[in-house]
Chemist: 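Supplied in structure tokens, the structure appears directly below.
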Amino acid sequence: MTSEEPRHAGEGERPAPDAEQLALIRGPARSAPRERARPRTWRGAPLAESLPVARVLVDKGLVHLDRFFDYAVPAAMADEARPGVRVRVRFGAGERGGRREGGGLVGGYIVERRPDSDYPGVLAPLAQVLSTEQVLTPALLRLCRAVADRYAGALADVVQLAVPPRMARAERKESPPPAAPPAEPAPGTWSRFPQGPGFLRSLARGGAPRAVWTALPGPQWPTELATAMAAALSSGRGALAVLPDGRSAARVDDALTALLGSGHHVLLTADAGPEARYRRWLALSRGSVRAVVGTRAAMFAPVPHLGLVAVWDDGDAAHSEERAPLPHAREVLMLRSAQENTGFLLGAHSCTVEAAQLVESGWARSLAADRETVRAAAPLIRTVDDTEQARDAAARTARLPSLAWRTARDALERGPVLVQVPRRGYVPRLACERCREPARCGHCHGPLASPAADRAPDCAWCGRPEPHWSCPGCGCTRLRATVVGARRTAEELGRAFPAVPVRTSGRDHVLPSVPDRPALVVSTPGAEPVVEEGPGYAAALLLDGWALLGRPDLRAGEEALRRWLNAAALVRPAGEGGTVLVIAEQGLRPVQALVRWDPPGHARRELADRAVLGLPPVSRMAAVSGSPEAVEGLLRTATLPGDAEVLGPVPVAGAGGPRRPGGPPPGERWDRALIRVPPGSGAALAAALKSAQAARLARRQGPPVRVRIDPPDIG
DNA sequence: AGCACGCCGACT
DNA sequence: GTCGGCGTGCTC
């Protein structure tokens with residue numbers, strides 16, 4: 001702490017110790033009022049000779065402080081105080097009384113060195129340069145700025161997500177020079193995709209192709225993803241891949257190692273620990289390593305001269321950052337791809353509506369295999385309609401359809417059988433009694449919910465009652481609550497095969513893999529073990545159709561299909577006896593898409609529907625929530641774009657429900673309003689909400705409001 | 001957000 | 001004449 005000096009009594013009353021220096025930093029012919037001209041922590045230390053002003057991003061995530069502050073650079077720090085380094089500065093209410101030191105020390109980053117400042121007062125000096133490591137590079141700063149704007153958040157909040165905390169020990173270690181770029185990789189199994197080799201060639205030649213990749217079922221995708229990264233590396237550029245969890249990241253990391261050895265890439269996941277993580281981050285930042293595979297925080301990894309950004313399975317909820325301003329990895333990587341002119345690869349077994357929109361709009365090209373190739377790689381999909389079971393709740397949980405039993409029995413002779421069961425905790429809402437289509441509001445297409453069993457339903461978005469609902473699909477006027485739960489079916493299954501070992505994998509106990517031997521593997525979605533070595537599961541039983549499809553969430557169908565496809569992709573091809581049995585009504589759109597193994601087709605149809613109904617991502621939405629007065633106040637003061645449409649506010653289920661972080665405090669009522677704008681007005685909406693939020697906080701007009709762009713739970 | 005300033009009423 | 005309520009505005 002070179003600048004932590006004791007306070008001199010009466011210092012404030014004296015003229016500045018070095019009037020010439022202060023004139024220099026105050027800028028040309030500016031006569032600041034005398035009381036403002038008193039330096040605060042100033043000890044008369046000389047200033048840096050060139051560029052004596054440092055523009056600093058103060059590390060406080062307050063929306064109304066979302067700007068830079070200028071500080072004087074003492075001569076002693078002239079060399080160290082480079083753009084991008086971490087600093088400590090005094091920040092807070094000034095010492096206008098001349099008696100106190102300024103506010104406390106806070107952290108920050110130098111974003112720029114300048115010859116002068118436009119601040120009319122006297123600049124406080126930098127208190128300390130914490131480290132000479134230039135962590136917030138201009139490219140990273142620009143990305144953080146774009147992400148903050150996109151999500152109506154504060155720059156400092158985004159920087160906190162992007163730059164890991166400092167670990168001094170990790171900084172002391174030197175990083176080796178980078179390895180020479182590897183040779184251009186052979187396409188390998190990318191040859192199964194007509195556009196695959198061309199995509200790789202473009203990357204290898206320094207191009208920036210953008211693709212939405214529908215991966216084929218089977219275990220090849222990690223190697224294919226790694227091959228695309230290697231192609232970008234072979235052009236002398238860097239590559240980055242974001243995966244939804246540590247397990248899948250490790251698989252791609254292994255594939256890269258198999259392809260290139262260990263000198264070219266790092267794995268950036270939470271389980272490495274903070275110090276190792278920072279060391280690897282520094283290896284990238286210093287240009288010692290050019291490729292990174294990781295979970296969502298890796299989307300900000302400081303790869304210089306990036307050639308490819310990739311994201312796997314963008315429908316997985318883990319790609320949504322849960323800290324403010326809640327950015328999504330796919331969106332961040334899209335911004336990054338545009339800013340740094342890189343290739344873009346969005347891969348998955350399924351296809352989100354956002355991915356379909358990227359193809360539809362022409363922003364990305366589709367990278368999919370021919371129908372015959374898909375059919376040869378996919379397992380046989382069979383469906384069991386459960387309408388018969390639905391008549392009797394007891395039968396539904398206790399009895400297994402005989403086809404499921406036979407499928408499992410036959411498959412267990414050849415290998416392991418995967419049983420996918422739902423996770424607990426789905427919110428029951430209303431659906432058509434006959435066709436089970438989730439019931440939607442006739443006015444805004446929000447989901448209907450029943451406040452009490454014997455009352456008419458309300459819209460959960462706009463609050464309008466809907467006493468005379470009728471199903472647009474089948475004309476039925478009767479509603480039913482959605483049913484959840486099929487776990488006992490799996491237990492029943494275990495009892496039906498007493499001779500076979502039953503293994504379970506779930507949120508608490510994730511089983512990474514199982515041997516290629518007969519066993520029942522019961523797993524919740526997302527925790528399915530892969531089969532070691534062999535051709536994959538002999539069969540899969542997908543039992544969670546009801547729980548998923550009954551949800552009124554906009555993404556219910558897409559999410560059901562995504563989970564089914566991820567499980568079904570672990571099953572061996574139909575030609576080798578692989579069978580998937582899904583318990584769900586055959587006529588449902590996601591079920592048909594699974595049977596035909598056509599996830600892009602499903603996403604395209606969903607996209608067309610949403611365009612008609614004005615739902616995201618065809619329109620952009622924002623959620624504003626907080627106490628009723630706060631929400632009302634923000635909506636009143638905000639100057640929204642002219643084409644914005646406000647839905648609600650309506651009360652949010654608070655007390656009694658599961659307590660979510662950042663949600664309403666127990667016992668208090670919270671409201672939520674949704675604002676939707678047509679395509680093209682998203683940026684204006686974010687900007688309007690951000691400035692209204694800033695004004696509100698600055699003037700302290702009542703309790704805080706939460707603003708969320710692209711709310712995930714609008715249905 | 002903190003934090004300090006300042007303008008007003010109540011008390012010594 | 002002095003203390004302290006909180007309404008208002010700034011932080012380089």
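In the text below, chain A, chain B and the rest are named by the order of the sequence lines, each starting its count at 1. Predicted model only: the values in this text are computed from it and were never measured.
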Chemist: Starting at atom NZ of A/Lys60, determine the distance to atom P of B/dA1, rounded to an integer number of angstrom.
Modeler: 11 Å

Chemist: Please report the distance, rounded to the nearest Å, between CZ in A/Arg90 and C1' in B/dG2.
Modeler: 15 Å

Chemist: Output the rounded distance in Å from CG (A/Asp116) to C1' (C/dC12).
Modeler: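 Going from CG in A/Asp116 over to C1' in C/dC12 covers 14 Å.
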
Chemist: Knowing that exactly one of A/Val87, A/Leu130, A/Val56, A/Val159 qualifies, which makes a side-chain contact (heavy atoms from CB on, under 4.5 Å) with A/Tyr109?
Modeler: A/Val159

Chemist: Would you classify A/Arg67 as touching base, sugar-phosphate or nothing, given that sugar-phosphate means primed atoms plus P, OP1 and OP2, and contacts are heavy atoms under 4.0 Å?
Modeler: base

Chemist: A/Gln693 has an atom CD; how far is it from atom C1' of B/dA1, in whole Å?
Modeler: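 Rounded to the whole Å, the gap is 13 Å.
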
Chemist: Calculate the interatomic distance between A/Leu105 atom CG and C/dT11 atom P; express it in whole Å.
Modeler: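 Value for this atom pair: 18 Å.
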
Chemist: Rounded off to whole Å, could you give me the CZ-to-C1' distance for the A/Phe69 and B/dG2 pair?
Modeler: 13 Å

Chemist: Just jot down the side-chain contact (heavy atoms from CB on, under 4.5 Å) partners of A/Ala310, sequence neighbours excluded, or say none.
Modeler: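 A/Ala310 satisfies side-chain contact (heavy atoms from CB on, under 4.5 Å) with A/Leu225, A/Ala241, A/Leu345 once adjacent residues are dropped.
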
Chemist: Kindly list each side-chain donor-acceptor pair under 3.5 angstrom involving residues 71-83 of chain A, sequence neighbours excluded, with atom names and distances?
Modeler:
unit_1: A/Tyr71; atom_1: OH; unit_2: A/Arg90; atom_2: O; d: 2.8
unit_1: A/Arg82; atom_1: NH2; unit_2: A/Thr132; atom_2: O; d: 3.3

Chemist: Take atom CG of A/Asp118 and atom P of C/dT11, then tell me their distance rounded to the nearest Å.
Modeler: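 Rounded to the whole Å, the gap is 13 Å.
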
Chemist: Can you check the A/Asp70 CG to C/dT11 C1' distance for me, whole Å?
Modeler: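 Atom-to-atom, A/Asp70 to C/dT11, this comes out as 13 Å.
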
Chemist: Can a salt bridge be assigned to the pair A/Asp116 and A/Arg114 using a cut-off of 4.0 Å between side-chain N and carboxylate O?
Modeler: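 A/Arg114 and A/Asp116: salt-bridged.
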
